2 protein chains.
Amino acid sequence: MNSQATPHPQPKPKAPTIFDVAKLAGVSIKTVSRVINLESNVRPSTREKVEAAVEALDYRPNAAARVLSGKRFYVIGLIYENPNEFSYMQKVLNGALKACEAGGYTLLLLPLTLPNPDLIDDVQRFVSQSRLDGVVLPAPLGDFSEIQRLLNELEIPFARITPKTGAEDDLSVQCHDEQASFDVTQFLIEQGHRRLGFIKGDPIHGATEHRYRGYIRALQVAGIGLRSEFVRDGMFSFESGKTAARALLDLREPPTAIVASNDDMAAGTIFEARERGLSIPGDLSVVGFDDTPIASHIWPPLTTVRQPIVEMAESVTSLLIRKLKGEQVEPLDQPFACHVVTRASTGERAVQDDLE
Amino acid sequence: MNSQATPHPQPKPKAPTIFDVAKLAGVSIKTVSRVINLESNVRPSTREKVEAAVEALDYRPNAAARVLSGKRFYVIGLIYENPNEFSYMQKVLNGALKACEAGGYTLLLLPLTLPNPDLIDDVQRFVSQSRLDGVVLPAPLGDFSEIQRLLNELEIPFARITPKTGAEDDLSVQCHDEQASFDVTQFLIEQGHRRLGFIKGDPIHGATEHRYRGYIRALQVAGIGLRSEFVRDGMFSFESGKTAARALLDLREPPTAIVASNDDMAAGTIFEARERGLSIPGDLSVVGFDDTPIASHIWPPLTTVRQPIVEMAESVTSLLIRKLKGEQVEPLDQPFACHVVTRASTGERAVQDDLE
DNA sequence: TGAAATAATGACAACGTTGTCAAAACTAGG
DNA sequence: CCTAGTTTTGACAACGTTGTCATTATTTCA
């Protein structure tokens, strides 16, 4: 295993340090430190000299020395539920990674399995062992008050991706979940559907409530009464969608369209419908939420709602980083917009069958 | 934003340092250092004293100081292709994370988009900026010789997850891809199928070749001739599977079963078949590879091959860590086993239609 | 023009560990 | 019991940065 005593012709050029930069720029190391940390009270001409030297040497501050000396770790933790269907988390991960790279931070991962009786201990251990400056909490963890309380106690700033907004200085991003649900329901109504089923998501997710509200509002606006037998509980899983769909399709007067609170449950719905020999969208229109890969890979492909998850994650992470850098940050004033992606799982309802 | 000059009643208890441990144990800091780094030449009685002190204070070495002082970074990079379908990478991620946690290492992520003309530059930058000790390369990056060459030049050890084994001291894990493909093909043959289509994967992946070979071997063993019109190229994507299936089903004498080199392409095959009104498995049996979530979420659910990806990733990462710690590590002598997961997309072929 | 206020810069300690090398404590052999 | 060799331990520098505080340069104002 490389036991050959290979002579090193070039003894591996050592990375330049702050001293090298200081010498080249003709200033003290402290001044270099000020420039690279964007501190004030540096004469523009000095700044330029230092920047030129940094450039010339391709200098990068040594992260370890920085951490050891300073009070920051330049590390952000991403704590998430490790799901079966990773496409949401993949997007969150990509967005957070992007923001961290831009801000010079490192992203550390803590996947959790829920339900977890040791949740708080696990988070506690992660946060203290990994020496984090801040934490990003995607849904549904962002809604867990225990975690928020713990992080507040430890005085660790955090940012959440969740439909539920919190206190004044709370860092979180939302998207127009309620509106999207309204839009997709209205879309079905415009296609002539009057008997509209709804499958709720896992109540632990804030989005569940919002999506349900959008459905209700669309019914109200269209003057369609809410029928409780058309609303079923689900858990965001394929199986739960299948079960809920079974109940809906077993009704004496089943819905002609079903709004499932995510794509997995919509896939379950389609699965159940096909097992019964129903044609989609001929006999039943189905819509989902999230535009996960499965939405376009089942037959028929799903009409669904796409959210800008990557952008949301990136945005909230960079907000967190700016807060960590001491900037005064305002919470985002506007939720991100979602939009309906129309595919083959929905279609016109020829007969106005609600008048029978 | 917390502008209230809140007095700190408990001024945040500082974490214990190696000095605290040394004092409590009645030894020098160097001896403590020896104990926590498992160095030799420490008297057992001394070791115990130190371990007790570490325990009592709940001491954890400061990572930054360690890095700054020593020659290691305690960081492993995971470089991967950022795919549409993340389920393979999710498993790799989980396995690598687990091994890193066990070994006291931190895992850093570099997602890449392929094809990427700046591939080498991106990797180069990541490796040098992030100060890594080692790198894990899941498929297909593990087969990219440019990356291997770069890492060798930089003298950064790496471990690969790929079916292709390399040099003697190469660190990599395999699973029995060829055997699994053989098994699943044989399974179809046992069900009476004689006209067996095959959809190849992306040639950039080592698995593509191995899976194809297993198919061929199963045909040979069964005494079935290889018909070139039954073998189609694919790219592991849903679309490419759909296209290949179209070609196969357009044949005057189409196959009665199709082996797709992954689940996405199998889903595409099912999609295409259903569009033509074919019944599955009545008219056509379909199998996939990988047991991704989609395999169980389409209708009918897919017979597929499950690989122990999490274990493979964990195992190869911990091998890498042991190598980094200076241990003499032997490459794994045995590939991991895969197994066939039987679901509803395959069925008996009643008529022996190859004799017509 | 001079004094006071402010801005810019620098000297040096501190951060918590590991590496180097020397010293001390043991062990074995005569 | 002494000596040489070996094992165990410790003192201290080094790692590369930021924080603190003192010093110097510049600006402002009377």
Side-chain angles (χ1 to χ4, degrees), chain A residues 12-51 53-54 57-75 104 106 128-129 131 133 324-326, chain B residues 12-51 53-54 57-75 104 106 128-129 131 133 324-326:
Chain A
K12 219 176 200 180
K14 264 189 281 182
T17 73
I18 201 170
F19 286 92
D20 302 319
V21 178
K23 193 195 278 181
L24 182 59
V27 298
S28 74
I29 58 165
K30 183 64 220 191
T31 297
V32 176
S33 172
R34 278 194 263 264
V35 171
I36 60 181
N37 289 292
L38 305 175
E39 286 174 33
S40 48
N41 294 342
V42 177
R43 213 188 304 276
S45 59
T46 310
R47 180 179 304 278
E48 277 163 30
K49 274 192 302 184
V50 172
E51 278 166 352
V54 166
L57 296 173
D58 190 29
Y59 164 75
R60 322 254 171 207
N62 178 309
R66 205 173 221 194
V67 170
L68 184 57
S69 169
K71 288 165 177 38
R72 292 199 211 134
F73 303 119
Y74 297 89
V75 173
T106 289
S128 54
Q129 280 191 31
R131 325 225 174 190
D133 301 300
L324 292 175
K325 287 185 174 169
Chain B
K12 219 176 199 180
K14 263 189 280 182
T17 73
I18 200 170
F19 286 92
D20 302 318
V21 177
K23 193 194 280 181
L24 182 60
V27 298
S28 75
I29 57 165
K30 182 65 220 190
T31 298
V32 176
S33 172
R34 286 194 182 94
V35 171
I36 59 181
N37 289 292
L38 306 175
E39 287 176 31
S40 49
N41 294 341
V42 177
R43 215 188 303 274
S45 60
T46 310
R47 183 180 302 279
E48 277 163 30
K49 275 192 301 183
V50 172
E51 277 166 354
V54 166
L57 296 172
D58 190 31
Y59 165 76
R60 321 254 171 206
N62 178 309
R66 206 171 219 196
V67 170
L68 184 57
S69 169
K71 287 165 176 41
R72 291 198 211 134
F73 303 119
Y74 298 89
V75 172
T106 289
S128 53
Q129 280 190 30
R131 326 228 174 187
D133 300 302
L324 293 176
K325 286 185 174 168

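What you are looking at is a predicted structure, and each value in this text was computed from that prediction instead of being measured. First the proteins, then the strands, lettered A, B, ... as listed; each starts at 1.
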Tell me whether the side-chain N/O atoms of B:Tyr74 come closer than 4.0 Å to OP1 or OP2 in C:dT18. no

Taking side chain to side chain contact (heavy atoms under 4.5 Å, CB included) as the criterion, tell me which of B:Asp20, B:Ile36, B:Leu24 meets it with B:Tyr59. B:Ile36

Would you kindly give the CD1-to-C1' distance between B:Ile18 and D:dT9, to the nearest whole Å? 14 Å

Between P of D:dT17 and NZ of A:Lys30, the distance in whole Å: 12 Å

May I have the distance from A:Arg43 (atom CZ) to D:dT24 (atom C1'), rounded to whole angstrom? 10 Å

5' precedence on DNA chain C between B:Asn37 and A:Arg47 (nearest-nucleotide basis): A:Arg47

Calculate the interatomic distance between B:Ile29 atom CD1 and C:dG19 atom C1'; express it in whole Å. 11 Å

Closest heavy-atom pair and its distance - A:Glu51, A:Val35: CG-CG1, 4.0 Å

Does A:Phe19 or A:Arg34 map to a spot on DNA chain D nearer the 5' end, using the closest nucleotide for each? A:Phe19

Look at B:Ser28 and D:dG10 and indicate whether a side-chain polar atom (N or O) is within less than 4.0 Å of OP1 or OP2. yes

Side-chain N or O of B:Ser69 less than 4.0 angstrom from OP1 or OP2 on D:dA14? no

Nearest-Å distance, CZ (B:Arg60) to C1' (C:dC15)? 20 Å

Spell out yes or no: do the side chain of B:Lys71 and the base of C:dG19 have one donor N/O and one acceptor N/O closer than 3.5 Å? no

Between C1' of C:dA14 and CZ of A:Arg72, the distance in whole Å: 18 Å

Does the side chain of B:Arg66 get closer than 4.0 angstrom to OP1 or OP2 of C:dT18 through an N or O atom? yes

Shortest non-hydrogen pair, B:Ala65 vs A:Leu68, comes out as CB-CD1, 3.7 Å

Within the structure, does a side-chain N or O atom of B:Thr46 lie under 4.0 Å from either OP1 or OP2 of D:dT9? yes

Between C:dA8 atom C1' and A:Lys49 atom NZ, what is the distance in whole Å? 12 Å

Taking the minimum atom-to-atom distance to the side chain of B:Asn62, which one of C:dG10, C:dG16, D:dT18 wins? C:dG16

Answer with base, sugar-phosphate or nothing: what part of the nucleic acid does A:Val67 contact at a heavy-atom distance below 4.0 Å? nothing

Side-chain N,O (B:Asn41) to OP1/OP2 (D:dT8) below 4.0 Å: yes

Interatomic distance, CG@A:Leu324 vs OH@A:Tyr74, rounded to 0.5 Å, equals 10.5 Å

A:Asp20 CG - D:dC15 P separation (whole Å): 11 Å

Looking at B:Val50 and B:Val27, what are the two nearest heavy atoms and their distance? CG2-CG2, 3.9 Å

